Amino acid sequence: MLIRTPDDIPPSEITPPDVYRERRRFMQSLGGLALGAALGAPAAGAQSLPGVRRGAMTLDEAQTPYRDVTTYNNFYEFGTGKADPARYAGSLKTRPWTVAIEGAVKKPGVFDIDTLLKLAPLEERVYRMRCVEGWSMVIPWVGYPLNALIRQVEPTGNARYVEFHTLHDPAQMPGQRARVLDWPYVEGLRLDEAMHPLTLLAVGLYGEVLPRQNGAPVRLVVPWKYGFKSAKSIVRIRFVEKQPITAWMAAAPREYGFYSNVNPNVDHPRWSQARERRIGEFRKRDTLMFNGYGEQVASLYRGMDLKTYF
Ligand SMILES: Nc1nc2c(c(=O)[nH]1)N[C@H]1C(S)=C(S)[C@@H](COP(=O)(O)O)O[C@H]1N2
Ligand SMILES: [Mo]
């Protein structure tokens, strides 16, 4: 994000979701490994997640093709190029995996990923995702509201914010050998934002286990905020009293604030945030306040000057 790339997206092929699914079914019936890879279908052997029900607040908008969702990524732990995560994230070991719950909670502990997967019913939630760089996607996530986990660990009265830490292991994450950010990647939310029913703990997309480049095995999805708030490959969740300093705030405090709510009226210091390019489309769209989720989240910020608290 320190690298300016808002406008250099090649218009990619649009595959309507039903055509996509049909094609995928066809290829699966063929067992078409090479063909599937060529067309950008889920990798053969990608594990589907059973028992996923349709979640609340899910969109009917056309979904960004699987290929774009899984090959055009930001995941600096694997390099700063958009194609790097898909190319290099194979070195990430997603089992065994644990998530430590720490800080101001009555029941701290370490959750195994397979326990976490069964903590609440899995839902499909189709959400808009708006990157601070000026592109957007519509992604069918699989997961459950983060508040299901938070309730289980019982935050104390001192828990006002929640920190999310990505794995720090340069052996598995070659991008961490470069000092683009002060690793590990840390993000944060106010407790009420973390408890909001829109905020997801995601473990899959397009009905399948989360690809590594998208933040396997577990990530955050906060759809009314710029994409960088949605930390990937989380190993630690810490409840704290003071507002965390996130990795992006530490790197460029004038550019990336703690809140980072999608806001077409508050520009990034180096570019406008008024419009966006939906991946797969040519004409730009107007960016919506809170990424179109204002009805659900505006009340969280009542009385706050969003230019000050950007
Ligand atoms: N750990 C970590 N999480 C991260 C990032 C990152 O570099 N490292 N990039 C963020 C940014 S800038 C965006 S836009 C989204 C992209 O998610 P996607 O690749 O699944 O679309 O992940 C966010 N989460
Ligand atoms: Mo982003």
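Atoms within a ligand are numbered from 1 in the order they appear, just like the ligands themselves. One is the number of the first residue; the rest follow in order along the sequence. Computed from a predicted structure; not experimentally measured.
In terms of polar-atom proximity, W141 is not counted as a contact of ligand 1, lacking any N or O under 3.5 Å from an N or O of the ligand. The N/O atoms of N74, backbone and side chain alike, include one that comes under 3.5 Å of an N/O atom in ligand 1. Ligand 1 has an N or O atom lying under 3.5 Å from an N or O atom of S230, backbone or side chain. Residue contacts with ligand 1: Q213 is placed with no nitrogen or oxygen under 3.5 Å of a nitrogen or oxygen of the ligand (distance criterion only).
In this structure, the ring of F239 has its center no less than 6.0 angstrom from the ring center of Y161. Under the 6.0 Å cut-off for aromatic ring centres, W224 and F290 do not qualify, their centroids lying 6.0 Å or more apart. Residues H168 and Y185 keep their aromatic ring centres 6.0 Å or farther apart.
Partner of E281 under the salt bridge (charged side-chain N to carboxylate O under 4.0 Å, His left out) criterion, out of R285, R283, K284: R285 alone. When each of R238, E102, R236 is tested with E163 by the rule side-chain contact (heavy atoms from CB on, under 4.5 Å), just one qualifies, namely R238.
For the pair R219 and ligand 1, a heavy-atom separation below 4.0 Å is found. Not a single heavy atom of G215 sits under 4.0 Å from any atom of ligand 1.
Scored by the salt bridge (charged side-chain N to carboxylate O under 4.0 Å, His left out) test, K232 finds no partners at all (sequence neighbours excluded).
Selection from M173, E77, K232 by nearest heavy atom to atom 8 (N) of ligand 1 gives E77.
Apart from V266 itself, the hydrophobic cluster it occupies contains F310, where clustering links Ile, Leu, Val, Met, Phe, Trp and Tyr at side-chain heavy-atom distances under 4.5 Å.
Residue T166 touches ligand 1 through its side chain alone, judged by heavy-atom distances below 4.0 Å. Within the 4.0 Å heavy-atom criterion, the part of Y185 lying near ligand 1 is the side chain and not the backbone. Of the heavy atoms in E187, none comes closer than 4.0 Å to ligand 1.
With ligand atoms numbered from 1 in the order given, ligand 1 contributes 14 (S) to contacts under 4.0 Å with heavy atoms of C131. Close approach of ligand 1 to N73 is summarised as follows: ligand atoms under 4.0 Å from at least one heavy atom of the residue are 18 (P), 19 (O).
The aromatic rings of F228 and Y226 lie parallel to each other, their planes meeting at an angle below 30°, with 60° marking the opposite boundary.
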